[in-house]
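Below is one structure, written out as structure tokens; the observations come after it.
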Amino acid sequence: MNGQEIPKAYDAKDWEDKLYHAWEESGFFNPDKCIEAGVTKVDAVPFSIVLPPPNVTGTLHTGSACMLAIEDLIVRFKRMQGYRTLWLPGTDHAAIATQSKVEKIIFEEEGKTRHDLGREELLKRVETFAKASHDTIIHQTKKIGSSLDWSREAYTLDEKRNFAVRTAFKKMFDEAIIYRGERIVNWDPEMQTTVSDDEIDYVEKNSPFYYFQYGPFVIGTVRPETKFGDKYVVMHPDDERYKEYQHGQKIDLEWINGPITATIIKDTAGDMTFGSGVMTITPAHSRIDFEIAKRHGLDIEQIIDDQGKLLPIAKEFAGQGIKEARKKIVEKLKTKGLVVKVDEQYAHNIATNSRGGGVIEPQVKKQWWINVNKEFERAGKTVTLKSLMQDAVRSGKIKILPERFEKVYFHWIDNLRDWCISRQIWYGHRIPVWYKNEEIYCGIEAPEGDDWQQDPDTLDTWFSSGLWTFSTLGWPEHTEDLKTYHPTALLETGYDILFFWIARMILMTTYLLDTVPFKTVYLHGLVRDEQGHKMSKSLDNIIDPLDMIADYGADALRLALVIGSSPGNDVRVGDEKIISFRNFTNKLWNIGRYVQTQLTTSDSQPTIVPIPKSDADHWILKRLQDTAGEVTRLIENYQLSLAGEKLRDFTWTEFADWYVEIHKVEKNDTVLCFVFETLLKLWHPFMPYVTEALWGISGNNTKNLLMVEQWPSFAKASEGKPAVDGASSFQLVIGLIQEIRAIKAFYQIDPATKLSITVRGESQQSIQKNEAIFKRLARINEIHFSETLPPHTALAQCGSLQTFIELEGVIDFDAETKRLENEKSEKAKYIATLETKLSNKNFIERAKPDVVVAERLKLEEARKQLADFEHHLASLV
RNA sequence: GGGUGAUUAGCUCAGCUGGUUAGAGCAUCACAUUGACAUUGUGAAGGUCACUGGUUCGAGUCCAGUAUCACCCACCA
């Protein structure tokens, strides 16, 4: 393409879909294809990431966009470095969330519940919905530019993953890690299912708090409707107020539905400082109460049924919903004279299902559990699931970034209770257990013979997610993929699912495979709006990544999400930030445009080997090498933001603002082209689209896709000798030009004014060599070389180079003299501090040698500057 | 109640194991504009690094305490 034909501005819309299509067509997202095509060596070291599967029914939000940007960056980087790189995509069936969404739609449209439809019909509907929704999320994922290997796409509920789930379940069942037991669970009467502890949201609410007379005691509650069955009264054994009562003592008293006999229980669970220090318990509907009851072998009586209605024990209130019953019960107690006091505004937390919104009603239920404390043998040692999870991180086999989350992780495990894995919903992995009369059978496939009834429950969605790193690679089969890519190299996700998912993957992998699921965990922050608020529908501040892509391009969005964010810290993103990165993509585009214009109008052809001629060439190549080395190191340490900033600074302030300007005076196309193409490679992982577009434009047709070009290899040698030397005299010239600009600004001389300067000393050669550059960039009219100076001049100095700007008739000398006197005293002060520092024995002895050298150089430099200043002052007077 | 983190320019944030006169982007102001780029360029202004102590030759960086904010966990009968 000719320079004239390249549009003035980069329009992402014209390129992105086309380029993504080209990448997909090439097959290079698939590491096997890369090996076939020879872009990756057969024996290359594998590098793998599994994509945290988005919910099928979800849409792409900025958090997932951030995740994709980071992962794609790392994956593209590794691929270019020559690793056998696999990034494996998939989606999650998100059982409860998906089913409740579909149920809601069906109810709104047809007024039907799932029970009207029946299990089979509902599942069909859910699957249809999931399928349609799947395509949306995949489309959105591609829009970001994700280089995922779609040929390996998995779904948590597809046949292979289902098989893995059943296999895992059976193994755990056989070893009694999974058991069935009656426990108190979080029951959602609306969804008719259990909810895990982690999936509960507490909503603060003010409700009346009642004090009732309970025999000789006063008890408090917000929930009078649970009190029918209360026949145990609990107090702390050390409570002096009640020492006359003995544990186990019976007391007759009048209660809601007539006289009852209550039993005194002394238990440390009673809080002496709360209320009267006495409480009655409802073991069937409160975990704490349930535990007290278990400790003392008390009766556990159900008061409220699964629909949230009172049972016959409530007598006249039986069948009523808890809300309506509550007031009536209080009324009845009032008429009986048992209400002591009511606090109308009592603030407390109500547990709700975060996936559906129903108010949680604890119930005692038979559920399937994973025992995290059961001891078993592993490699000759007695372990538990808990200890396996702890060891994986403690031993350093898994590294969590940022490190502080390791603490959070351990804390969570310390407080971990058995994990309830059964759910009473229909969409999900059906529990592979069958019953016949009293018999129970657990197997990967259904048992032979009739009359077997499969357990109606399904598994918690995180059960299958826990297998994700290896179920996606073919486990339980011993596949090549599993051998090659597991454990995976990196897991990158938001810190909000550390417990839900990361911990459970570690649990499943250490238990089932006796290895870790990944070596490094990189946790990104949550994406917030410009004000720092969480994005939410109710605040109407959601930034839709697709809108951003449509407006500014995927590259700009990616940069905005990656640069300026560090692991574990939240990122704020708004239009403004994205716009500034859009501007940058355009900057790069125009650099490319310039390079292209030059190449078509000059004779020289682009070449892979740069042939440095001028000082400027040496300088830019040296800087390129430094930058490439640093960027490589930073990405390898997952300091992506810093890497991006370094690259941007180099691209903009060194390459574009200096080298390209110099190129206009002193052409060297091989270097210009080399630096530019290297930059495209370095930028590619950050902004794949615009770099690939420019690569296509600037190259000849035999070129590969940039996506599989080799990462600049001399970057790796950054610790050794520099690939090119010299450049110091040119750096002086650049410094000098900057000095002159600064002086113009200082004296408030119009930067466009062309001045004459006198150059003195041994630096003549360098100036002469770069005279054209000097004249163009510093707007110098004439350069004299002389040992004698004209009367009124300002000194511009950089290192050993000295130039004197003629100021006659340009400035007000008196005012400037005063200003300079001030500056001189500041400089003197600075020198004094440096001198003190360097005369300090402790500093000399204890500081690192290079620090001391640096300080000495600084002092030398400062002294020289001061001398020049004095000289300058003298010349003004 | 327990825990974690944050506090650096008007705003958003970098600043990795202590060692330049503390940086960037945006916003502001001034100036420039035939140029690959007005999606631009050159500059300026703007900071007691929350506070108080401590360790150290040296602290934005390490330690202790205080304040404010944010988040996580537990949970109130």
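Chain A is the first sequence line, chain B the second, and so forth, proteins listed ahead of strands; every chain is numbered from 1.
Comparing A:N840 and A:R417 along RNA chain B, the residue whose closest nucleotide (by nearest heavy atom) sits nearer the 5' end is A:N840. In terms of position on RNA chain B, the residue among A:G592 and A:A9 whose nearest nucleotide sits closer to the 5' end is A:G592.
Comparing B:U40, B:G35, B:C75 by their nearest atom to the side chain of A:K664 picks out B:G35. Nearest to the side-chain atoms of A:N586 among the listed nucleotides B:A36, B:C37, B:G5 stands B:C37. Closest contact between the side chain of A:N583 and the listed nucleotides B:C75, B:U40, B:A36 involves B:U40. In this structure, of B:U4, B:C26, B:U21, it is B:U4 that holds the atom nearest to the side chain of A:K407. Closest to the side chain of A:R593, from the set B:C75, B:A36, B:U42, is B:A36.
Using atom P as the reference point in both B:A59 and B:C51, the two lie 15 Å apart (nearest Å). Of the P atoms belonging to B:G1 and B:C63, the separation is 25 Å, rounded to the nearest Å. For B:U52 and B:A14, the C1' atoms lie 27 Å apart once the distance is rounded to whole Å. Remark: the separation of the P atoms in B:U7 and B:A50 is 7 Å, to the nearest Å. The gap from the P atom of B:A27 to that of B:U66 amounts to 41 Å, rounded to the nearest Å. Between B:G15 and B:G47, the two C1' atoms lie 14 Å apart (nearest whole Å). Comparing the C1' positions of B:U33 and B:G43 gives a spacing of 15 Å, expressed to the nearest Å.
Counting only Watson-Crick or G-U wobble pairs whose defining distances are both under 3.5 Å, the stems of 3 or more consecutive pairs in RNA chain B are B:1-7 with B:67-73, B:10-13 with B:23-26, B:28-32 with B:40-44, B:50-54 with B:62-66.
For the pair A:R856 and A:I844, the tightest heavy-atom approach, listed with the atom from each and the gap, is NH2-CD1, 4.0 Å.
A sub-4.0 Å separation between OP1 or OP2 of B:U40 and a side-chain N or O of A:N590 is absent.
Taking a 6.0 Å sphere around NZ of A:K294, one finds it holds 12 or fewer heavy atoms contributed by other residues, nucleotides or ligands.
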Expected rows: protein N/O vs nucleotides 13-19 of chain B N/O, under 3.5 Å:
from  : atom 1 : to     : atom 2 : distance (Å)
B:C13 : OP1    : A:R572 : NE     : 3.4
B:A14 : OP1    : A:S566 : OG     : 3.1

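Rounded to the nearest 0.5 angstrom, A:I591 CD1 and A:Q596 CD are separated by 14.0 Å.
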